[in-house]
Trainee: 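Have a look at this one.
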There are 2 protein chains.
Amino acid sequence: MSIGQPIHLRRLNARAICQRLLAHGPASRADLAKVLGLSAVTTGKVVDDLLAQGILQIAPADKEAPRKTNELGRPGQQVFLARTPPRFITLQLGVRHTRLAALPAAGPLAGEGWLIQFPTPADGPAWLKALQAHADNLQVTDPIALMLSVPGVVDEPAGRVLLSPNLHWLEAADLPRMLQEVTWGTPSPPAPGRQNAASPAPPVHLVQEIRALALGQLAAEPAEGDFLLVDFGQGMGGAVVAGGRLMAGPLPLSGELGHTPVLGNHRKCGCGATGCIETLAARPGLLASFAQAHPQQERSWPRLVEWVQVNGVEPWLRQTLEQVGVVVVGALNVVGVRRVIVTGALAELGSQVLEVLSQTVKRSAMWGRFGAVECVSAPRRRALGLATAALDRVVAPE
Amino acid sequence: MSIGQPIHLRRLNARAICQRLLAHGPASRADLAKVLGLSAVTTGKVVDDLLAQGILQIAPADKEAPRKTNELGRPGQQVFLARTPPRFITLQLGVRHTRLAALPAAGPLAGEGWLIQFPTPADGPAWLKALQAHADNLQVTDPIALMLSVPGVVDEPAGRVLLSPNLHWLEAADLPRMLQEVTWGTPSPPAPGRQNAASPAPPVHLVQEIRALALGQLAAEPAEGDFLLVDFGQGMGGAVVAGGRLMAGPLPLSGELGHTPVLGNHRKCGCGATGCIETLAARPGLLASFAQAHPQQERSWPRLVEWVQVNGVEPWLRQTLEQVGVVVVGALNVVGVRRVIVTGALAELGSQVLEVLSQTVKRSAMWGRFGAVECVSAPRRRALGLATAALDRVVAPE
DNA sequence: CATTACTTAATAAACTTAATTAAATAATTT
DNA sequence: AAATTATTTAATTAAGTTTATTAAGTAATG
């Protein structure tokens with residue numbers, strides 16, 4: 001409840017250690033102590049705690065690996081975030097696909113791949129049914145929590161989807177309750193003296209997709225803790241990370257950069273308003289503009305990507321990019337970050353597009369003279385983001 | 001250096017107590033303990049600490065004041081933030097006026113008034129000279145710090161003004177060093193055995209004006225910890241407070257909502273760019289638009305205010321308000337707050353203007369359906385903001 | 001190769017800070 | 001005087017620190 005109790009110190013330190021490991025990979029206790037500014041003793045104790053809880057593991061000594069030259073002294077044991085057994089279920093609910101995986105306590109590292117993926121059905125009951133069919137195959141027992149990323153506007157504490165223009169059934173759905181009904185993973189082996197029960201339903205935590213993406217990006221490059229992430233998919237989202245923290249109040253509504261109105265734009269948006277930037281810059285909007293400019297071309301995303309690769313940034317696209325630039329600069333100015341990270345559709349269109357956007361942003365952002373604004377693309381790291389959110393549940397539960 | 005040491009707990013708790021007192025006025029130790037969720041013992045100890053440091057004081061028992069009926073038991077001693085002797089110097093450097101005051105450890109409460117005010121001279125040396133002339137009259141000895149609010153873009157940690165379109169000399173000035181040369185307040189009385197020395201120059205802390213305003217607003221209504229503050233003066237600034245925290249990364253540039261570009265606006269901005277919203281919506285921009293619409297009218301701020309009171313929101317003003325609305329909605333969408341607080345020029349134009357702005361914002365903000373966005377005006381509380389910033393220096397010094 | 005010196009890692013012991021709970025004391029009202 | 005609430009005192013606990021010790025390596029040397 002209150003804030004200033006001794007246990008908070010331990011949680012703070014445990015969390016710092018886990019985040020460091022998540023970010024920079026295995027390290028010895030001594031390394032951790034040095035980097036985090038804690039004493040070696042405390043670091044050792046916290047690490048021991050985390051080892052006992054199964055959150056960390058000790059790497060087996062590798063006699064083969066030669067130490068760096070000039071490295072003297074007793075070598076430290078490398079510890080790392082335990083990856084087995086899986087303790088979390090992550091569920092990415094997307095407009096086109098649903099992805100499902102059991103994750104170790106501290107999330108997947110790169111290249112782990114997804115266990116299960118299926119096309120998202122068009123309504124809730126069908127989705128739940130498909131999910132149940134696949135859930136049985138999960139390699140998980142006694143999951144700690146289920147982390148669910150959802151596109152649209154999400155009231156995370158309440159577990160409600162407030163607005164989902166592309167998956168309307170979500171708005172009426174009580175996702176946490178629905179998901180309680182799913183049986184996750186293989187049943188626990190029958191313990192002596194009690195019924196052979198399935199794993200109890202884990203608590204469900206909703207995460208707004210754009211927030212998951214931002215957390216993932218932050219985890220991937222934790223040294224770069226200041227950026228504006230802009231994602232383009234069926235919609236458009238934007239989230240600000242500053243000082244290594246994802247900016248968002250306790251209010252449910254954030255990250256909805258896509259619904260910034262653009263003067264002179266009269267397209268209807270799924271949110272009910274008119275003129276939102278995402279009607280121009282997200283996938284459907286780009287396709288619509290493309291079709292308008294080239295009615296004879298096939299109206300498909302692959303065709304558009306190909307077209308842009310060949311023909312470069314045509315005026316209709318340039319105009320959209322300039323409008324995106326204005327919206328991005330607005331966000332930059334308020335919070336004071338210098339890096340813009342683009343993911344999704346606009347990133348797929350290639351470096352020329354990114355370059356034009358970058359030029360626009362650099363031209364409009366007021367502090368061009370103090371150090372250029374950077375505009376880079378990155379892959380989506382939704383999974384890593386969910387894992388990071390999950391980590392908090394393990395290490396720093398309320 | 002590191003984060004998780006025992007002393008941090010004490011600082012956290014001391015700060016929580018001070019902020020509570022700053023926000024809600026005097027309270028007993030028992031009240032504080034209950035509200036903050038700390039034990040009575042801890043609360044007592046922290047309060048004793050703060051009393052010993054002179055940051056808190058005990059209110060004299062008032063036999064006359066009748067207790068609330070049904071209040072049994074030993075009455076608690078009311079403690080409050082000490083107001084004497086002054087320990088801080090606050091300095092508001094404005095385009096038009098400079099204001100100077102000595103504040104008690106925990107800032108002024110309402111209606112305290114300013115001790116000294118003078119028109120800001122046109123260059124640094126003149127300003128420093130005027131400042132020195134007035135500084136002698138300050139009722140302060142041994143000031144802890146000098147809190148200085150500055151309009152424009154400020155690198156707070158470095159103590160540099162990066163951009164100040166309206167006071168160009170600031171950009172080259174090393175304010176902290178300049179202010180070291182000023183002798184503050186009356187010299188200490190000659191102590192036996194040492195020279196009769198003036199007070200040593202206190203450390204100087206720069207605060208971006210818009211941040212000071214936001215902190216002040218937050219301190220004034222701490223229960224309302226989520227808002228976007230938009231201030232209109234010679235320029236325009238915007239700052240986001242969410243969850244009771246002022247959002248800003250470690251980077252110096254933030255709050256510069258005024259430099260969001262508006263498509264189709266070709267006015268040159270003092271920042272060097274073209275089309276910034278502040279060329280339309282800040283005081284000079286409003287006056288320019290007014291003069292354009294009514295060339296025969298006197299081009300002065302009082303005349304404009306009067307005109308708007310009489311003639312209401314004319315098209316030229318409505319258009320500007322809609323453009324401001326777009327910029328505001330952009331900021332709202334990203335960070336997810338519901339209250340927009342307007343201070344300065346636009347607030348002075350009266351409730352009709354605020355109403356139009358409010359309508360625009362409500363229409364454009366995507367979540368009109370989840371609960372109306374509020375748009376209210378408030379007085380500037382720069383002084384209280386500086387006081388809050390100062391409080392952090394006393395209670396939670398690094 | 002075996003031994004010794006040196007370096008760094010990890011742990012143990014003693015101590016410090018700041019929280020906690022439990023009990024005692026103080027100041028009012030009924 | 002009894003009840004009630006506020007504050008303080010004393011003892012305990014949690015989690016940090018420093019200092020000292022032990023462990024596990026490399027480097028130098030006979």
Trainee: Per the side chain to side chain contact (heavy atoms under 4.5 Å, CB included) rule, which among B:R29, B:R11, B:R10 passes with B:V46?
Mentor: B:R10
Trainee: Counting only side-chain nitrogens and oxygens, does B:N13 get under 4.0 Å of the OP1 or OP2 atom of C:dA19?
Mentor: yes
Trainee: Choosing from C:dA10, C:dA19, D:dT7, which nucleotide comes nearest the side chain of B:T42?
Mentor: C:dA19
Trainee: Can you identify which nucleotide, out of C:dT20, C:dT11, D:dT8, has its nearest atom closest to the B:D48 side chain?
Mentor: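 When the side chain of B:D48 is considered, D:dT8 is the closest of C:dT20, C:dT11, D:dT8.
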Trainee: Nearest whole angstrom, please: distance from the P of D:dT7 to the CG of B:L51.
Mentor: 11 Å
Trainee: Minimum heavy-atom separation for B:C18 to B:L50, with atom names?
Mentor: SG-CD1, 3.9 Å
Trainee: Taking 4.0 Å as the cut-off, does a side-chain nitrogen or oxygen of B:S39 come that near to OP1 or OP2 on C:dT20?
Mentor: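 Indeed, a polar side-chain atom of B:S39 lies that close.
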Trainee: Any donor-acceptor pair under 3.5 Å between the side chain of B:R74 and the base of C:dA27?
Mentor: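 Answer is no: no donor-acceptor pair is held.
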Trainee: Rounding to an integer number of Å, can you tell me how far B:K34 NZ sits from D:dA6 C1'?
Mentor: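 B:K34 atom NZ is separated from D:dA6 atom C1' by 9 Å.
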Trainee: Between P on D:dT7 and CG on B:D31, what's the gap in Å once rounded to a whole number?
Mentor: 8 Å
Trainee: When the distance from CG of B:L38 to C1' of C:dA18 is rounded to whole Å, what number comes out?
Mentor: 11 Å
Trainee: Nearest whole angstrom, please: distance from the P of C:dA19 to the CG of A:L12.
Mentor: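 Nearest whole value for this atom pair: 15 Å.
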Trainee: In Å and rounded to the nearest 0.5 Å, what is the CD1 to CD1 distance from A:I17 to A:I55?
Mentor: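 That separation rounds to 11.0 Å.
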Trainee: How do A:I7 and A:A40 order along DNA chain D: which one's closest nucleotide is nearer the 5' end?
Mentor: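 First, find each residue's nearest nucleotide; the 5'-ward one identifies A:I7.
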Trainee: With nearest nucleotides of DNA chain D determined for B:V41 and A:K45 from heavy-atom distances, which residue corresponds to the more 5′ nucleotide?
Mentor: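 Whichever sits nearer the 5' end wins; that is B:V41.
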Trainee: Can you find a heavy atom in the side chain of A:S28 that is under 4.5 Å from one in the side chain of A:Q77?
Mentor: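 SC-SC contact between A:S28 and A:Q77 ruled out.
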Trainee: Respond yes when some side-chain nitrogen or oxygen of B:R10 is under 4.0 Å from OP1 or OP2 of C:dA19, and no when none is.
Mentor: yes
Trainee: Go through the steps to decide whether A:H24 and A:V35 satisfy the test side chain to side chain contact (heavy atoms under 4.5 Å, CB included), and finish with yes or no.
Mentor: CA-CA 11 Å; A:H24 288 77; A:V35 170; over 6 Å; no
Trainee: Roughly how many Å is it from CZ in B:R11 to P in D:dG16, rounded to a whole number?
Mentor: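 After rounding, the gap between these two atoms is 16 Å.
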Trainee: Grab the CG-P distance between B:L36 and C:dT20 for me, whole Å please.
Mentor: 11 Å
Trainee: B:Q77 has an atom CD; how far is it from atom C1' of D:dT8, in whole Å?
Mentor: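 Taking atom C1' of D:dT8 as the reference, CD of B:Q77 is at 11 Å.
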Trainee: Please confirm whether the shortest side-chain N or O distance from B:R29 to OP1 or OP2 of D:dT8 is below 4.0 Å.
Mentor: yes
